[in-house]
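Notes follow once the structure below has been shown.
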Amino acid sequence: MYSAKNPITAQPRNLLMSWEFIFLKILLLAVVGIQLEKPMGSLAGRIALEREGFGLYSYNIRENKVYALAIGPRKGPQIERGVWINNDGSFRIDQLPVGEYELKLRATGYGTEYINGLFIEEGKVNVLDDAVAMHLVEPSVSIGSNMRVFTTKEQPYLWANASGASKVKIKVYRSDLIQLAQHNQLKAWGYELGSSLD
């Protein structure tokens with residue numbers, strides 16, 4: 001006899017939770033991961049900082065903050081990856097996609113050094129043959145103004161740009177340029193006075 005009180009009915013199958021669909025998702029993620037993975041390599045080297053007054057170089061970087069920045073690869077989307085230089089002057093930049101790179105080295109008080117044509121190969125560390133010598137920046141100051149002549153009614157407006165220096169001190173003196181020119185004092189100092197008083 002047939003009873004309708006407890007019929008056995010099949011539950012609808014949830015396709016998103018089936019083992020076939022989960023397996024397909026894992027397989028798809030693995031294929032995408034393989035396609036996105038790029039061959040990587042590393043760049044390593046050493047720098048030497050010029051010492052003031054001796055013409056010698058030192059690998060001791062303890063007092064300086066120095067960094068190395070790899071820019072590349074030349075073809076394709078460019079990345080910039082950098083590291084701080086170790087206290088002994090050595091550095092290593094990892095996880096660089098294969099290709100040609102430019103290396104930028106920067107330290108406070110030293111000229112920026114660029115090295116071009118560095119090739120990164122898959123699974124290898126490209127080591128620079130020689131230490132990169134970083135030279136001290138010669139201190140220089142340039143002073144500018146938006147006016148050629150200052151009078152007693154006009155306030156001077158000056159600006160200064162300095163390289164290789166931590167501060168600039170400007171002193172403005174008041175003087176009669178015509179009187180200095182008549183007594184040849186300007187020529188004694190190595191200056192000439194132009195027709196527009198410049």
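In what follows, every heavy atom counts, from backbone to side chain, and hydrogens, waters and symmetry copies are set aside. Keep in mind that what you see is a predicted model, and the values were worked out from it rather than measured.
The salt bridge (charged side-chain N to carboxylate O under 4.0 Å, His left out) search around Arg51 returns none, not counting sequence neighbours.
Residues Ser42 and Ile120 share a closest heavy-atom pair of O-CD1, 3.6 Å. When all heavy atoms of Trp84 and Lys65 are compared, the pair lying nearest together is CZ3-CB, 3.8 Å. Pairing each heavy atom of Tyr101 with each of Pro73, the nearest pair is OH-CD, 3.5 Å. A pairwise comparison of heavy atoms in Leu103 and Leu118 identifies CB-CD1, 3.6 Å as the closest pair. Minimum interatomic distance between Ala68 and Ile85 (heavy atoms only, all atoms of both residues): CB-CD1, 3.9 Å. Here the closest heavy-atom approach between residue Ile79 and residue Pro97 is recorded as CD1-CD, 3.4 Å.
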Please report, to 0.1 Å, the donor-acceptor pairs under 3.5 Å made by any side chain of residues 123-134, with sequence neighbours excluded.
unit_1 : atom_1 : unit_2 : atom_2 : d
Lys124 : NZ     : Glu121 : OE1    : 3.2
Asn126 : ND2    : Phe119 : O      : 2.8

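To the nearest 0.5 Å, the span separating CG on Asp88 from CZ on Arg46 amounts to 5.5 Å. To the nearest 0.5 Å, atoms CE (Met40) and CD (Glu122) are separated by 10.0 Å. A distance of 9.0 Å separates CG of Leu105 from OG1 of Thr112, quoted to the nearest 0.5 Å.
Between Glu100 and Lys75 the shortest side-chain heavy-atom distance does not fall below 4.5 Å. Inter-residue side-chain proximity for Arg92 and Val83 is flagged as unmet; no heavy-atom pair is nearer than 4.5 Å.
Other residues sharing the hydrophobic cluster of Tyr114, ordered by chain and number and joined by side-chain separations under 4.5 Å: none, the residue standing alone.
Criterion: ILVMFWY side-chain heavy atoms under 4.5 Å apart, direct or through other members. Under it, Ile115 and Leu43 are part of a common hydrophobic cluster.
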Is there a side-chain contact (heavy atoms from CB on, under 4.5 Å) between Tyr110 and Leu136? Walk through the geometry before answering. CA-CA 4 Å; Tyr110 292 84; Leu136 285 167; 3.5 Å; yes
